[in-house]
Amino acid sequence: MSKEAIKEKSMILQKEMVEGLFNELDRVQETGKKVCYTFVPGNLSELIRCFDMLPVYPEINALQNAMRKKSAGYIKEAERHAHSEDVCTYVKCDIGMMIKGNIGPTGSKIPDPDVLLLSYTGCFTFMKWFETLKRSYPNAEVIMLHTPYQENGEMTPQMTAYMVQQLEQEVIPKMEKVSGVKFDPEKLKKILGLAREAQDWIARIFETTKHRPSPIDAYFAGVYYIGPINIGFRGTPEAVAYYKELYNEIMERVLQGLGPITPEGEMPEEKYRLVVEGPPNWTNFREFWKIFYDMGAVIVASSYTKVGGVYDLGWRHDPDRPLESLAEYCMNCYTNLNIPQRISLLSKLIKEYHADGYVTNSIKSCNSFSAGQLAMMREIEDKLEVPVGFIESDLVDPRYFSYSNIKNRLESYFQMLAQRKFIHETQNA
Amino acid sequence: MSNLESIIQSCKEVAFDLDFKQAKAWKGESPGRIVVGYLPIYMPREIVHAAGGLPVGIFGGGDRKPIVKGDAYYQSYICHIPRSVMEMVLDHQMDHFDGFVFPSICDVIRNLSGMFKQHGFGRFVKYLDLPQNFVPEIGGRFYIHEMEHILRYMREVNGKEVTAEDLNHSIRLYNRNRELIEQIYDLREEFPWRLSLEEWYYVLRAGTVIPVEEHNERLHAVLEAIRQPIGTPQDRIKVVLSGAFCEQPAIGLIKAIEDAGCYVVEDDLMLGSRMILGPIDDQSDDPLEAIAHAYLTRSRYSSSIYDVHQPKEDRLEALVQQRNASGVIFASASFCDPSLLDAPIFQNAFNVRGLRYIAFQYSENINQFKVIKEQVGAFADSIKLWEDEPAEVSIA
Ligand code: SF4
Ligand code: SF4
């Protein structure tokens, strides 16, 4: 493999955006900007931006702490305060960080929230998490936006109406109160237009993996690509510029017939194309990724890159239906899809992206993803006759990342894929 | 055998019949009858009753159901109840159920509803998204749509059009049911030795699988029986049992808690049967609205309800005081996120407020309780020893 990759322009753009946000968070005392804690799935970035607030995503802090090897200490701290070993480790990492002074991953203190905006999409833990935070920040305004689950595989008019009413009568008035900014529907429309553009670009970007070789890894690199669109930049010209640039860079790779860039440079040969279900492990992210690229495995699609929105099936924010489309956005995030919908989405990805296999990374402490994964895997195996692999790890608790177990399992899995490929090729020869 | 004993015995049999034979027999008695299974915590059973149905609680297989197939559906770090429910449905123990309702409570139950859909179990599967918005025109309206959806599903099965009168009649029966249950709790608070938690649990749980009319009769008989000065008081402390609202502890554990020196005078074991506080309006022209209104304004606190406007620790503390209890036993099913994520909220508040508690975890299929019994015993002893006043339940 070639040496450490040179920073692409898109990477610089992303870095600037993220640093800009953290700088702004550092300066809230001077600027008086209000701080809104919220979650990635079903995040109302456009609305937060409409009120000139700054978003903080506790789960992003948790995963960044994990990548910087800080999560173990925070988790232990939370466990010292009665948090169970068995619950979502994002929560514990965040609570531990808060107990220890709320010093964020960048090393500066994250300001206290003015608003706890629970746009409660696809995971019950979010609700418990904010109940816990509310007790630590009694002065924060609490906003709850209940997102109905797509239990029947659809968004009914009643579901949308319920959400729009909440937005109109609860969310927006409370945000006006906290921010002191009057709601401006025109501003929201403009922001939604830009959000839509960014969504178009990201959808195109994830479609590039249909090429052979795939120019990107849609899981390990994909988690970087979804950053801006998920953490508050959707609806900005900067995000549009970033995704446009990224797309062009990727298309350049396609033209040159290049495979994905890994932390150790370019992947020389694409041996296996996989679809992965479940979040990644963050504590040992690079080691984890390396197991795949060392084997020539590239992830051509993943469910995790859709936690902050599923754009594959054509859904986009619509400036002409602003509140309705905010509602639909929340309902349409991956973990808000029911199990048959998840199966059908993953099956579509496996087929359309010509995947050789399907791998589940089951996260110990995330029921939102994990409960049902085994049944989904079996269903996909039966229907598509695709080889399935199963590994277990955790998001941010290093105690539950066993490198040797995962490596062994994946090696056997890749052996199976190799045999199948061999048989297939001999039959077709 | 006294009348009370025989009621308890028959409740025990029916409550733990994993083939739900009584529901099957009931359904066979008349055409148009339907059986609708529901999972914890709460569903408005009134609407099933009004549609000519029998709502049947599904609380897992407990320690009575060996798991063979269910484990293939769930990783080891997921609670036990979904695997035993899968086992039961795959073993055809619920083949006579026409539909299933999965109330919103946690991601496991939610995703289980999708697995039922995927497998095509029953004629309908409905995930009941209980509102988290408590404004009647917003959350109330949404909740009414949810109930109408279930009514529609049931109508597709038996063709029955449900009238306001039907619903009001059902509401009356369930109002009576809740009233009788609360009367028994009140009496048990005063005289807990007259009906042990184990016995009471059988009676209460039977109510989730038999027709409400029949359950009301049984409750009434139990109430009459325990109005008499029966049993002998023991030197035990009164406690509230909290956190066991979904996957149920094995009976052995319930017994162990009381045997270790406690009287459990309040609990959330069958929370759904007691979710609504006080009667629901049974004269309304719009009974669904009445049910929704009661849920929005008069629910018990629950792990499944976003509580920031009514902190759960305050409500639990009030319950402890109301029941004159000396402490709380937090019992959570292993890997039960809602219960385990609530635990620090309760415990940190109780530490500040000087309220006593212990906490442990259980699993429905585990019936070794030696350690828990010792812990509970030590907890009870410490309260007896350190309480300013002696534990009041020790005197008749
Ligand atoms: S349980 Fe899963 S989806 Fe929910 S907050 Fe934790 S990691 Fe996110
Ligand atoms: S025991 Fe807890 S985690 Fe398991 S299904 Fe019930 S509420 Fe959910």
Side-chain angles (χ1 to χ4, degrees), chain A residues 78 81-88 91 95 116 118 120 122-125 127-132 134-135 142 144-146 148-149 151-153 156 158-159 161-162 165-166 169-170 335 337-343 362 364-376 378-379 392 400, chain B residues 72-75 77-79 82 86 102 104-115 117-119 125-129 131-133 135 137-139 141-142 145-146 149 303-304 306-309 311-313 332 334-338 340-349 351 359 361:
Chain A
H81 286 78
H83 287 263
S84 159
E85 260 190 40
D86 297 322
V87 298
C88 170
V91 180
I95 302 293
L116 293 169
L118 175 55
Y120 145 66
C123 168
F124 276 85
T125 299
M127 191 168 95
K128 301 280 123 195
W129 194 339
F130 267 20
E131 283 179 354
T132 305
K134 172 65 184 163
R135 275 131 180 116
V142 175
M144 149 66 102
L145 174 65
H146 177 199
Y149 185 56
E151 60 99 14
N152 209 21
T156 65
Q158 287 85 5
M159 287 156 76
Y162 173 46
Q165 274 188 312
Q166 293 179 75
Q169 296 179 39
E170 304 254 309
T335 47
L337 305 183
N338 74 6
I339 298 290
Q341 280 176 300
R342 294 185 196 185
I343 293 173
S362 180
K364 176 186 182 287
S365 61
C366 175
N367 285 342
S368 182
F369 267 99
S370 303
Q373 267 175 339
L374 294 177
M376 287 162 59
R378 186 184 300 192
E379 192 79 16
E392 293 175 323
Y400 302 113
Chain B
Y73 285 84
Y74 286 98
Q75 299 88 320
Y77 37 78
I78 290 178
C79 59
M86 279 306 281
F102 294 76
S104 48
I105 149 174
C106 73
D107 298 323
V108 174
I109 294 279
R110 190 195 62 184
N111 291 2
L112 182 61
S113 74
M115 288 162 69
K117 261 190 201 289
Q118 185 71 26
H119 281 81
V125 172
K126 171 77 180 124
Y127 174 75
L128 168 63
D129 220 337
Q132 295 290 356
N133 176 291
V135 179
E137 301 76 45
I138 307 177
R141 190 176 300 170
F142 176 72
H145 284 305
E146 288 289 280
H149 195 167
S303 263
S304 57
Y306 195 43
D307 84 327
V308 288
H309 304 298
K312 55 175 74 79
E313 60 274 37
S332 304
S334 297
F335 303 105
C336 174
D337 282 359
L340 293 170
L341 286 159
D342 270 351
I345 294 178
F346 284 127
Q347 292 171 22
N348 291 331
N351 288 343
Q361 293 181 35

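Below, chains carry the letters A, B, ... as their sequence lines are ordered, and counting in each starts from 1.
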Shorter than 4.5 Å, heavy atoms on both sides: which option in [options] has the most such pairs with chain A?
options                                : value
B/Val135, B/Leu128, B/Ile105, B/Asn351 : B/Ile105
B/Gln361, B/Lys312, B/His309           : B/Lys312
B/Leu112, B/Val108, B/Asp129           : B/Asp129
B/Met86, B/Met115, B/Gln347            : B/Met115

> Hey, is A/Glu151 close enough to B/Arg110 for a salt bridge, meaning N to O under 4.0 Å?
Replying inline: no
> Do the charged groups of A/Lys128 and B/Asp342 touch, with an N to O distance under 4.0 Å?
Replying inline: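 Salt bridge flag = yes for B/Asp342 with A/Lys128.
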Any [X] side-chain heavy atom under 4.5 Å of [Y] side chain:
X        : Y        : result
B/Ile78  : A/Ser370 : yes
A/His83  : B/Leu340 : no
B/Phe335 : A/Asn367 : no
B/Asn111 : A/Arg342 : yes

Using a cut-off of under 4.5 Å on heavy-atom pairs, state which of [options] scores highest against chain B.
options                                : answer
A/Pro148, A/Gly372, A/Ala78            : A/Pro148
A/Ala82, A/Ser368, A/Cys123            : A/Ser368
A/Val91, A/Thr125, A/Ile95             : A/Thr125
A/Ser362, A/Cys366, A/Ala161, A/Ser365 : A/Ser362
A/Leu116, A/Ile339, A/Ile343           : A/Ile339
A/Val142, A/Thr335, A/Thr156           : A/Val142

Pair [X]-[Y], side-chain donor/acceptor within less than 3.5 Å:
X        : Y        : value
A/Asn152 : B/Lys126 : no
B/Gln75  : A/Glu392 : no
B/Gln118 : A/Glu379 : yes

> Would you find a donor on one side and an acceptor on the other, under 3.5 Å apart, between the side chain of B/Asp307 and the backbone of A/Glu131?
Replying inline: no
> Are any side-chain N or O atoms of B/Asp337 and backbone N or O atoms of A/Val87, one a donor and one an acceptor, separated by less than 3.5 Å?
Replying inline: no
Portion of [X] that has a non-hydrogen atom of chain B nearer than 4.5 angstrom:
X        : value
A/Tyr120 : side chain
A/Leu118 : side chain
A/Gln341 : neither
A/Asn338 : side chain
A/Lys364 : both

>> Counting only non-hydrogen atoms closer than 4.5 Å, does B/Pro131 touch chain A with its backbone (N, CA, C, O), its side chain (CB onward), both, or neither?
In response: both
> Would you call the rings of A/Tyr162 and B/Phe142 parallel, tilted or perpendicular, where under 30° means parallel and over 60° means perpendicular?
Replying inline: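 Judged by the thresholds at 30° and 60°, the geometry between A/Tyr162 and B/Phe142 is parallel.
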